[in-house]
Protein chains: 4
Amino acid sequence: MSTQESGAARPAGRPRSEKAEKAIIEATLDLIGEGVGVAELSIEAIASRAGVGKTTIYRRWSNKEDLVVDALATMKAPLPPLSGTSVRDDLISLLEAMRSESGQARSRCVMNIVMSEADRHRRITERFMERAVEPRRRAMREVIERGIVTGELRPDLDVDMGMAIISGTMLWHTKWGPAGDLSPELPEQIIDAALAGMAP
Amino acid sequence: MSTQESGAARPAGRPRSEKAEKAIIEATLDLIGEGVGVAELSIEAIASRAGVGKTTIYRRWSNKEDLVVDALATMKAPLPPLSGTSVRDDLISLLEAMRSESGQARSRCVMNIVMSEADRHRRITERFMERAVEPRRRAMREVIERGIVTGELRPDLDVDMGMAIISGTMLWHTKWGPAGDLSPELPEQIIDAALAGMAP
Amino acid sequence: MSTQESGAARPAGRPRSEKAEKAIIEATLDLIGEGVGVAELSIEAIASRAGVGKTTIYRRWSNKEDLVVDALATMKAPLPPLSGTSVRDDLISLLEAMRSESGQARSRCVMNIVMSEADRHRRITERFMERAVEPRRRAMREVIERGIVTGELRPDLDVDMGMAIISGTMLWHTKWGPAGDLSPELPEQIIDAALAGMAP
Amino acid sequence: MSTQESGAARPAGRPRSEKAEKAIIEATLDLIGEGVGVAELSIEAIASRAGVGKTTIYRRWSNKEDLVVDALATMKAPLPPLSGTSVRDDLISLLEAMRSESGQARSRCVMNIVMSEADRHRRITERFMERAVEPRRRAMREVIERGIVTGELRPDLDVDMGMAIISGTMLWHTKWGPAGDLSPELPEQIIDAALAGMAP
DNA sequence: AGATAAGCGAGACGGTACGTCGTGTCTTGCC
DNA sequence: GGCAAGACACGACGTACCGTCTCGCTTATCT
């Protein structure tokens, strides 16, 4: 990596340490992954875990929300490859990606935060949705619309409602389903039940 | 009333004030209703709003979680009267009850807490589910099972999955749907979409 | 102990328990004797040690100061018998009484309180002086005045100043003298030194 | 002074504020000067009056006693200039200094505390004695020893007893004398009475 | 090479809330 | 009506973090 970007006007003085920045983000996600909520998340703990002074954090983010927004935004949505053989298979793949991700502590905690802070810290939710949820949403929409075209799904299907049914049912199981990890058969079961009302 | 209850040993000293207890619970729900999360919820603020000393709170609940558990548990589920004319009507009534409740700030905040604290404060969720969610769940199950008997629903319908679809889709709209209040037509739309896959 | 005093007009209801009263006073003096100052002296501790409810204390004394005043007032000044053979002997007897008393923890603590609360709780001091100090003062004054009459002391002696010298010197040794108990020879030494300036 | 002491390792981080330290000490003495005893002396009140956080106090002194010890230790003994013309004049000067000081509320309260906490908080007394009482004691001893050399005082005089008589008599008047301020003639009267027994 | 300037770890700062304890008052049921 | 027990509103305790502010360095660029 070049130490001299040609185009940008560089401010005087010592440049900010990228290493510190990464350590801070990582420490934040670490703590979140341990189930620490936004409120309990203490800047002091982040600083200490990142081996960094508090000033170094506050110099970059003016408050905790901003930091969390940026930290969560680094979580990307690893879209599964879709075989394209059938709508059913692709939808199952999408749900299976969600299911396996929900098995990881960090992802589950991030999801909790995103959902729980929806009211108090709207920006956290918004930014995260845009970066991490929207791509999946788009993928699911494409699959469904393709299904309508191919005749696998009813032509008068309300796409939004269809997506809501699939995602919502999955969400329901994640939050209220029997404790412990989700069964591997769940995506298939959900899709089959949902398709029953969508097939022509 | 007899001054001498035979069975229970009445403890010595001044009995605990029911008034104080109610004021504390009410103040807690008030603050929660203003969007204060469990973490930001300060015992000092509750005490002050309830016009009560902190000791009076700590005498009853040894920690914040216990208090919140009890406070949320007082939120009862006002089950709507079900006409019983058809499965469709009854399910719409159930969803409509949820929709109108989600319009109230306090209920919405309570729901947020219950969902967000699911990991950190499992007991909050458990107790609330048992007191407030389970009755509705039972009602919905009865409606669906009755529908199977009357032939309004497919005889081989997986009741649990059916409930997950309906509740989950509603939940989805509550959390991720277009901002602002839910449309009054939503319950009807959801039920119609869901029934499409459940009708015989 | 009779439960029925003949003469006094008796108020209705159960008479106050003399036993409780004594226990309270005794507990108070006990605690004071352990070096607990007026401020640290907790009504709760007194009640608990006396095996008495707090109400029983507050029914009799409206505040801590009143209780302490009464408690200290029960400490009497056991004036030593004065041989009367000589002024010197009598003065030594008086100081010796003070010396031996200062060896008892309770007396020493009481003295500390009386002296230290002089400003804050003037009534404590006043009442105690009147009951416990004044009699000794009077005794010493009589000895000195008798000495003037008998010619053992200078006829132009300022009696008040003489008393101040003797008592003050003793007080000084009590508070600032070498740590530990006062030497048995001290009274004699003080009186001899003081009489040097008082003899004719 | 060099800004770079070679030997001492300067601790990292922001140095402690001398201003805060002084404000705390001053607030403590202020409150003591208003007659607040050690027990009633609340750290919260000191912090508030000093415009300082409680932490800033606890960072320096782990308990109230330590703080009071340091606060009282800053009270210096402003020794009066001694003319040296005669033992009598010098002793009167010393007593006069004590008298005028006892007119100031703060000094009087400090004295009360030092005397009353002698048992409970021995360190308060010890440190204060060393810093504030010992210098005066030394001055008085020098005057008296000089008097013995010059022949103004008896050669066989017990110096310690002489000091006890003078200081003790003064102390007596301070505590038990007629209420209100001490008479301006008192020092002269005491010294004359005391010297009567010390002159050759 | 030296001056200038911002970033850095450390940690003190004025605050707020914590959960505990003791205050003086009150409210029970028993005596 | 006295009594013990103990709940009550209140306020100080000593602790933990907050977000801000100095410190003495270090690390860059610009003379």
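Lettering of chains follows the sequences in order, A, B, ..., and the numbering in each one begins at 1.
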For [X] and [N], what is the distance between atoms [atom1] and [atom2] respectively, to the nearest whole Å?
X	N	atom1	atom2	value
Ile57(A)	dC17(F)	CD1	P	14 Å
Glu65(A)	dG19(F)	CD	P	12 Å
Asn63(A)	dT20(F)	CG	P	9 Å
Glu40(D)	dC13(F)	CD	P	12 Å
Lys19(A)	dG7(E)	NZ	P	18 Å
Lys64(C)	dG22(E)	NZ	P	12 Å
Tyr58(A)	dC8(E)	OH	P	16 Å
Ile24(C)	dG24(E)	CD1	P	14 Å

- Message: So Val110(D) and Phe128(D), do their side chains get closer than 4.5 Å, heavy atoms only?
- Response: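 Sidechains of Val110(D) and Phe128(D): in contact.
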
What's the closest nucleotide to the side chain of [X] if the choices are [options]?
X	options	answer
Arg60(A)	dC17(F), dC8(E), dC8(F)	dC8(E)
Pro15(B)	dG24(E), dC8(E), dT28(E)	dT28(E)
Arg16(A)	dT20(F), dC8(E), dC18(E)	dC8(E)

- Query: Hey, which of these two, Gly13(B) or Ala12(D), hits DNA chain F nearer its 5' end, going by closest nucleotide?
  - Reply: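 Nearest nucleotide further toward 5': that of Gly13(B).
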
- Between Thr56(C) and Lys54(A), which has a closest nucleotide on DNA chain F that is more 5'?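 Closer to the 5' end of DNA chain F: Thr56(C).
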
- Message: For a quick check of understanding: with a heavy-atom distance under 4.0 Å over all strands, which category does Ser62(D) fall into, base, sugar-phosphate or nothing?
- Response: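 No contact.
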
Compare side-chain N and O positions of [X] against OP1 and OP2 of [N] and report whether any pair is under 4.0 Å apart.
X	N	result
Arg14(D)	dT22(F)	yes
Arg59(A)	dT20(F)	no
Thr55(C)	dA5(F)	no

- For the residue pair Gly33(D) and Ala105(D), what are the closest heavy atoms and their distance?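 It is O-CB, 3.9 Å.
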
- Task: Could you tell me whether a side-chain N or O of Thr28(B) sits under 3.5 Å from a main-chain N or O of Ile24(B), the two making a donor and an acceptor?
- Result: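 Yes: the side chain of Thr28(B) pairs with the backbone of Ile24(B).
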
- Given Glu26(B), which of Arg49(B), Arg106(B), Lys19(B) fulfils the salt bridge (charged side-chain N to carboxylate O under 4.0 Å, His left out) condition?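 One option only clears the test, and that one is Arg106(B).
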
- Any residue of residues 43-51 of chain A with a heavy atom less than 4.0 Å from an atom of DNA chain E: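 Contacts with DNA chain E under 4.0 Å: Gly51(A).
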
Run the side-chain donor-acceptor check on residues 67-74 of chain A: report pairs under 3.5 Å with partners two or more places apart or on a different chain.
from     : atom 1 : to        : atom 2 : distance (Å)
Asp70(A) : OD1    : Arg127(A) : NH1    : 3.1
Asp70(A) : OD2    : Trp61(A)  : NE1    : 2.9
Thr74(A) : OG1    : Ala71(A)  : O      : 2.6

- Calculate, to the nearest 0.5 Å, the distance between atoms NZ and OG belonging to Lys64(D) and Ser42(D) respectively.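 That separation rounds to 7.5 Å.
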
- Pair Arg60(D) + Glu18(D), salt bridge at N-O below 4.0 Å: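 No, Arg60(D) and Glu18(D) are not salt-bridged.
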
